[in-house]
Amino acid sequence: ELALHYLTLGAARSLMLDAKIGSLEPGKFADISVFSIADMPEVARTHPFECLIYGGCRPVELVVNGVWLQRGGYIEENPDFSNSGRLINA
């Protein structure tokens with residue numbers, strides 16, 4: 001839990017960007033990756049952070065700066081960058 005904090009909100013605070021990034025809140029920018037445990041190597045099921053940090057795990061869904069780059073495990077052929085940088089509205 002502490003490692004996750006240092007990689008998200010903690011990192012944003014150290015850069016003095018925590019008002020814009022670092023947590024999933026309305027009005028903040030977000031990059032989101034979704035991983036399937038079923039698709040992870042066996043060792044990653046007991047140590048998922050190692051899999052994410054050292055590689056071997058691929059996202060099923062990937063949104064970067066508000067743009068879908070991967071859906072259902074497939075890379076988007078023509079990502080729509082017209083809304084790039086949009087803030088989260090919830």
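All figures in this text were calculated on a predicted structure; none of them were measured in a lab. We're numbering straight along the sequence, starting at 1.
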List the atom pairs, with distances to 0.1 Å, where a side-chain N or O of residues 68-76 and a protein N or O form a donor-acceptor pair under 3.5 Å, not counting sequence neighbours.
unit_1, atom_1, unit_2, atom_2, d
Q70, NE2, P59, O, 2.5
Q70, NE2, G73, O, 3.4

_Single-linkage hydrophobic cluster V67~L62, side-chain heavy atoms < 4.5 angstrom_ =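 Yes, one cluster joins them.
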
Can you list, pair by pair, the side-chain donor-acceptor contacts under 3.5 Å of residues 4-14, counting residues two or more places apart and other chains?
unit_1, atom_1, unit_2, atom_2, d
T8, OG1, L4, O, 2.8
T8, OG1, H5, O, 3.4
S14, OG, A11, O, 2.7

